[in-house]
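Computation of the quantities below employed the complete heavy-atom set of this structure, encompassing side-chain atoms and omitting hydrogens, waters and symmetry-equivalent molecules.
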Amino acid sequence: MANFAKSTVPRFSVEVYQNEYLPEGGREVNAIVTVTSTGGGTTGGMPIPAVPAPAPPRDQGAPPQDQGGGAAVVIMVDCSGSMDYPPEKMRNARDATAAAIDAIRDGVAFAVVAGTHKAAEIFPGEGRLATADPATRARAKDALRRLSADGGTAIGTWLRLADRLLASADAPIRHGILLTDGRNEHEEPGELRAALEACAGRFTCDARGVGTDWEVKEVTGIASALLGTADIVADPSNLAADFTRMMDAAMGKEIADVALRVWTPVGAEVEFVKQVAPAVEDLTDRRTEAGARAGDYPTGSWGDESRDYHLCVRVPAADVGQEMLAARVSLVLPQHDPHHDPQRAGLPATLAQGLVRAVWTEDMVASTAINPQVAHYTGQAELAQTIQQGLDARKAGDTDGATAKLGRAVQLANASGNEDTAKLLAKVVDVVDVATGTVRLKAKVAEADEMTLETRSTKTVRVKR
């Protein structure tokens, strides 16, 4: 029988922002759903029995595992030959990994993996995880001296090893941190895609590119598939601070495998579901069916935080005066079944929910008004897409197309108050007129500045309410 330890899970709340009024015959309903979790382990959340999320069985030949205190993390460090150019890069990676190890709280299961054209366990080894305490953290940092730069880059092998290690942990929160400085050149693209598909839903992962010789779409694709964050660390000397922040965030997670469940009535269907804050992430194609007319969209792990989602539902046309429930949005633990999964019997299946309505009216002012939250995040999603299109055009030598798209991006960033993105854009274009989006492409752009803009293009600002 599983051991039960007292823990706390965040209290979830759901708020729906929308204009529910549609003109006669109108069919598209848009809503921003704000999900907030508070009190996870620190401010008096909801006490529940803490039990691990189901994990694949350990290989019978593998050694017994140390037990993590509710969480497990694997740090994957690029040790390919390019990490020796310049030599400071490898030293900074060791220092960053040591800083991350220091940030692991007592009781958490952890391991360190060296990634080249294959994956190797640096600590603790023998296919197992160690339990964090002062002694194991010290031994792990001592083992970092074995990290040296040599070989190629095959990120799929790193992820598969991390998956095997994390799957063996008796921990509901399973997380990876991945650092790379180069392109995934020593395995076929399909191998990385297959690894991501195999790992999706089994653990979350933050990915970082150090320097400027890596591929942005590879790193952001890893983070997207595994519901983590992606960023550039252009100066390797900043790695330690970034790794510490990532580990602190991972240590703040209190509940895993939460899904956004959307139920729609007969005749209605979901057009799309997108996370729009703190970053744009389209979840539409990740839907898994959850009973009659309901689907689950993965959100990963939660601590004390708030996120916004844009939901678009297509409803049947109706006459003036009619109204309907267009959708019911819930935060759920999709694997919760007290009959078939008694270990999670103490967990609430539904953590919070909100309603999306549709009301048909002949009042043109009411039916044509755009909800401020919907308008804001529609602009933020367009901003992210436009930056990507502009940078792609620039790389392809399409000066006119790049100028038009990046000019529109400047206009959108200014209108939405996204000052960080506006500053990044100003390193790629000379802004002539912010209001009209009139810009000129800079003749010379530092590679790090262009990659930073591309990597952070999906980061959004919250709407001012």
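Residues Arg286 and Glu281 are paired through a salt bridge, judged by an N-O separation under 4.0 Å between the basic side chain and the carboxylate. The pair Glu191-Arg193 fails the salt-bridge criterion, with no side-chain N (NZ, NE, NH1 or NH2) lying under 4.0 Å from an Asp/Glu carboxylate O. Ion pairing of Asp102 with Lys141 is present here, as a side-chain N (NZ or NE/NH1/NH2) and a carboxylate O approach within less than 4.0 Å. One finds no salt bridge joining Arg287 and Asp296 here, because no Lys/Arg side-chain nitrogen approaches an Asp/Glu carboxylate oxygen to under 4.0 Å. Here Glu450 does not pair with Lys427 in a salt bridge; the nearest charged N to carboxylate O distance is not below 4.0 Å. Using a 4.0 Å cut-off between a side-chain N of Lys or Arg and a carboxylate O of Asp or Glu, Arg245 and Asp242 qualify as a salt bridge. With salt bridges taken as basic N to acidic carboxylate O contacts below 4.0 Å, one links Lys217 and Asp392.
At distances below 3.5 Å, not a single donor-acceptor pair connects side-chain atoms of His310 with backbone N or O atoms of Val33. Asp181 places no side-chain N or O within donor-acceptor distance of the main-chain N or O of Val210, the cut-off being under 3.5 Å. Looking only at distances, a side-chain donor or acceptor of Gln388 sits under 3.5 Å from a matching main-chain atom of Glu454. Side-chain atoms of Thr136 come within 3.5 Å of backbone N or O of Thr131 as a donor-acceptor pair. Side chain of Arg183 to main chain of Asp213: a donor-acceptor pair is present (N/O by atom type, distance under 3.5 Å, no hydrogens or angles). Not a single donor-acceptor pair under 3.5 Å links the side chain of Gln385 to the backbone N or O of Leu383. Checked by atom type and distance alone, the side chain of Ser224 never pairs as donor or acceptor with a backbone atom of Thr220 at under 3.5 Å. The closest donor-acceptor contact from the side chain of Thr455 to the backbone of Asp231 lies at 3.5 Å or more, if one exists at all. For Glu254 (side chain) and Trp302 (main-chain N/O), no donor-acceptor pair under 3.5 Å exists by modelled atom type. Of the possible polar contacts, one joining the Glu187 side chain to the Gly156 backbone as a donor-acceptor pair under 3.5 Å is found.
Taking the six-membered ring for Trp and the full ring otherwise, Tyr309 and Tyr297 have centroids separated by 6.0 Å or more. Ring centroids of Phe203 and His175 are separated by 6.0 Å or more, keeping the two rings apart.
For the atom pair CG (Asp170) and CG (Leu129), the distance works out to 11.0 Å, reported to the nearest 0.5 Å. To the nearest 0.5 Å, atom CD1 of residue Ile387 and atom CZ of residue Arg408 are 12.0 Å apart. For the atom pair CZ of Arg328 and OG of Ser330, the computed distance is 6.0 Å after rounding to the nearest 0.5 Å. Between atom OG of residue Ser301 and atom CD1 of residue Ile255 there is a gap of 9.0 Å, rounded to the nearest 0.5 Å. Atoms CZ and CG, on Arg174 and Leu226 in that order, are 12.5 Å from each other to the nearest 0.5 Å. To the nearest 0.5 Å, atoms CH2 (Trp263) and CG (Leu355) are separated by 9.5 Å.
Of all heavy-atom pairs spanning Ala114 and Leu147, the tightest one is CB-CD2, 3.7 Å. Across all their heavy atoms, Arg105 and Ala132 have their closest contact at O-CB, 3.4 Å. Taking all atoms of both residues into account, the shortest heavy-atom contact from Ala119 to Val113 is CB-CG1, 4.0 Å. Across every non-hydrogen atom of Thr116 and Cys79, the tightest pair is CG2-O, 3.4 Å. Taking every heavy atom of both residues into account, Ala327 and Val262 meet most closely at CB-CG1, 4.2 Å. Of all heavy-atom pairs spanning Thr153 and Asn184, the tightest one is O-OD1, 3.5 Å.
Open room surrounds CD1 on Ile370; 12 or fewer heavy atoms of other groups in view lie less than 6.0 Å from it.
Counting only heavy atoms from C-beta outward, the side chains of Met90 and Asn92 never approach each other to under 4.5 Å. Residues Leu161 and Arg164 form a side-chain contact, since some pair of their non-hydrogen atoms from C-beta on lies under 4.5 Å apart. Taking 4.5 Å as the limit, every side-chain heavy atom of Asn30 sits out of range of all side-chain heavy atoms of Leu311. Side-chain atoms of Val112 and Leu144, non-hydrogen and from C-beta on, do get closer than 4.5 Å to each other. At least one side-chain heavy atom of Arg307 sits under 4.5 Å from a side-chain heavy atom of Gln275. Side-chain contact between Trp158 and Leu178: present, with at least one pair of heavy atoms (C-beta onward) separated by less than 4.5 Å. Put simply, the side chain of Ile155 reaches to within 4.5 Å of the side chain of Ile222, judged on heavy atoms. Under the 4.5 Å side-chain criterion, counting only non-hydrogen atoms from C-beta, Cys312 is in contact with Glu28.
Checking Asp235 against Ser237 by side-chain atom types alone, a donor-acceptor pair falls below 3.5 Å.
Among residues at least two apart or in separate chains, there is no salt bridge (charged side-chain N to carboxylate O under 4.0 Å, His left out) pair with a member in residues 409-423.
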- Please lay out, stage by stage, how Arg208 and Thr229 fare under the test side chain to side chain donor-acceptor pair (under 3.5 Å). CA-CA 8 Å; Arg208 294 294 185 267; Thr229 65; 3.2 Å; yes
- Begin with the C-alpha distance, continue with both residues' side-chain angles, and end with the deciding distance and a verdict on side chain to side chain contact (heavy atoms under 4.5 Å, CB included) for Asp257 and Thr299. CA-CA 7 Å; Asp257 302 326; Thr299 68; over 6 Å; no
- Task: Would you check, one step at a time, whether the test side chain to side chain contact (heavy atoms under 4.5 Å, CB included) holds for Arg462 with His376?
- Result: CA-CA 9 Å; Arg462 300 298 291 272; His376 174 84; over 6 Å; no
- Message: Would Gln18 and Arg357 count as a side chain to side chain contact (heavy atoms under 4.5 Å, CB included) here? Give the steps.
- Response: CA-CA 8 Å; Gln18 67 163 132; Arg357 300 174 64 238; 4.1 Å; yes
- Thr34 vs Asp308, side chain to side chain donor-acceptor pair (under 3.5 Å): CA-CA, chis, key distance, verdict: CA-CA 4 Å; Thr34 296; Asp308 291 340; 2.7 Å; yes
- Does the side chain to side chain contact (heavy atoms under 4.5 Å, CB included) test come out yes or no for Arg11 and Ser37, once each step is laid out? CA-CA 5 Å; Arg11 294 182 184 275; Ser37 65; over 6 Å; no
- Carefully, step by step, assess Thr284 and Asp282 under the rule side chain to side chain donor-acceptor pair (under 3.5 Å). CA-CA 6 Å; Thr284 309; Asp282 194 341; 2.6 Å; yes
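Of the residues listed (Val276, Val280, Val461, Asn371), the one engaging Tyr377 in a side-chain contact (heavy atoms from CB on, under 4.5 Å) is Val276, and it is the only one.
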